[in-house]
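Encoded as structure tokens, the structure appears first; notes follow it.
Sequential numbering from 1 along the given sequence is applied to the chain's residues.
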Amino acid sequence: MLPSRTRDPSPKPPRPCCPRPATASAATAGASSSWSTPTTTSSSSTCARATSRYTWAAERSTVGITGRDLLLDSEVEAEELLSLGFAASTFRFAAPVGAFSALEELEGKRIATSYDGLVRHYLGERGITASRVVRLDGAVESSVRLGVADAIADVVETGSTLKAAGMEVFGEPLLQSEAVLIGRTGHSLPAIDVLIRRLQGVLVARQYVLMDYDIRKDLVERAAALTPGLESPTVSPLRDSEWVAVRSMVPKRETNRIMDELYDLGARAILVSSIHACRI
């Protein structure tokens, strides 16, 4: 019978995004890289792997899709062309409960983050100098407990992970991020404009539905007030001259309310259709 394995209960330190290079003897022996002490990142450096990846993409790609936080942290020559409305996140400072109450208290403190470029820029704009900005790759919330940092800056969604680690957010959010379309700075092409219009068409289409209904002529003005459309609703005559057919774009989130109000007004044959794409 094989002896059971026991797991070391002591937590491992967060892994630096860019581990120190292996020594020549270790490399020759084929040894894998081990945990190493996080190092301070200077204003002229970022994680080598992340920077080289983004630089390669910026130099060879016309457009791309990434998070706004990753774009700003990479410090490459690219600009945001269009927000895409998904993968939203909030980037905030956090620390053990009661340790900090204001951003200014970070002066001279150690801050752990996966986005050192973004944090340095944010603090620099506000005249705050941290003693160290420690770049880590994952498990950032454990860095304070392990003595690596005094506070952290990380993506926060529900806050449950921070709460479990005995931490709380403080100060204003550093950034509201989401997926964005990016392009090389100062690089404009007609094809990019076409792509942006197409993406905008899909994004707008997802926010609206097409509503059709029949209504008596004398109630058209009141119905149009409920469904004004983008410029004006389309009104078409019916075989019964006392009635007309109305078509209009309405916000998707208000669909049921508008349908109920139209029905109470006297509209009938109320239909709702999805919009797959549009040009506004």
Which atoms form the tightest heavy-atom contact between A78 and T185, and what is the distance?
-> N-OG1, 3.2 Å
Would you say the side-chain atoms of T113 pair up with the backbone N or O of A153, donor to acceptor, closer than 3.5 Å?
-> yes
Flag side-chain contact, heavy atom, 4.5 Å: M211 against I258 | yes
Nearest heavy-atom pair of D116 and D73: which atoms, and what distance?
-> N-OD1, 3.2 Å
Point-to-point distance, once rounded to the nearest 0.5 Å, from CD of E254 to OH of Y208 = 9.0 Å
Is the distance between the ring centroids of Y115 and F91 less than 6.0 Å?
-> yes
Does G98 offer a backbone N or O that forms a donor-acceptor pair with the side chain of E168 under 3.5 Å?
-> yes
So if you build clusters from Ile, Leu, Val, Met, Phe, Trp, Tyr with side-chain heavy-atom gaps below 4.5 Å, do V244 and L265 land together?
-> yes
Of all the heavy-atom pairs spanning I111 and A130, show the shortest one and how long it is.
-> CD1-CB, 3.9 Å
I128-F170 co-clustered via ILVMFWY side chain contacts under 4.5 Å = yes
Which heavy-atom pair separates P173 from Y122 by the least distance, and what is that distance?
-> O-OH, 3.9 Å
D212 side-chain N/O to L271 backbone N/O, donor-acceptor pair under 3.5 Å = no
Donor-acceptor contact below 3.5 Å, side chain R92 vs main chain G171 | yes
Check the hydrophobic clustering (I, L, V, M, F, W, Y; side-chain heavy atoms under 4.5 Å; chains of links allowed) and say if V204 and F86 are grouped together.
-> no
Would you say Q200 and I196 make side-chain contact, with heavy atoms under 4.5 Å?
-> yes
Would you check if D69 and S89 make a side-chain contact, meaning some heavy-atom pair closer than 4.5 Å?
-> yes
Kindly give the heavy-atom pair with the smallest separation between S177 and R68, and that separation in Å.
-> OG-N, 3.3 Å
Out of curiosity, does L195 fall in the hydrophobic cluster containing L189 (side-chain heavy atoms, cut-off under 4.5 Å, transitive links)?
-> yes
Would a distance-only check, ignoring hydrogens and angles, find a side-chain to backbone donor-acceptor pair under 3.5 Å from S114 to L136?
-> yes
In the single-linkage hydrophobic clustering (I, L, V, M, F, W, Y; side-chain heavy atoms under 4.5 Å), do L203 and M249 co-cluster?
-> no
Answer yes or no: is there a donor N or O on one side and an acceptor on the other, between the side chain of R110 and the main chain of G147, under 3.5 Å?
-> yes
Output yes when a side-chain donor or acceptor of E107 lies under 3.5 Å from a complementary backbone atom of T129, and no otherwise.
-> yes
Run the salt-bridge test on E77 and R184 with the 4.0 Å N-O cut-off and return the result as yes or no.
-> no
Distance under 6.0 Å and angle within 45° of the ring axis: does R268 meet both against Y263?
-> yes
In plain terms, say whether E105 and K109 are close enough for a salt bridge, that is, a side-chain N and a carboxylate O under 4.0 Å apart.
-> no
Would you call E79 and I182 a side-chain contact if the rule is heavy atoms closer than 4.5 Å?
-> no
Enclosure of E125 CD (heavy-atom neighbours >12, cutoff 6.0 Å) | yes
Where T227 and Y213 come nearest, the two heavy atoms and their spacing | OG1-OH, 2.7 Å
With a 4.0 Å cut-off, would you call E172 and R126 a salt bridge?
-> no
Within 6.0 Å of CZ in R222, more than 12 heavy atoms from elsewhere = no
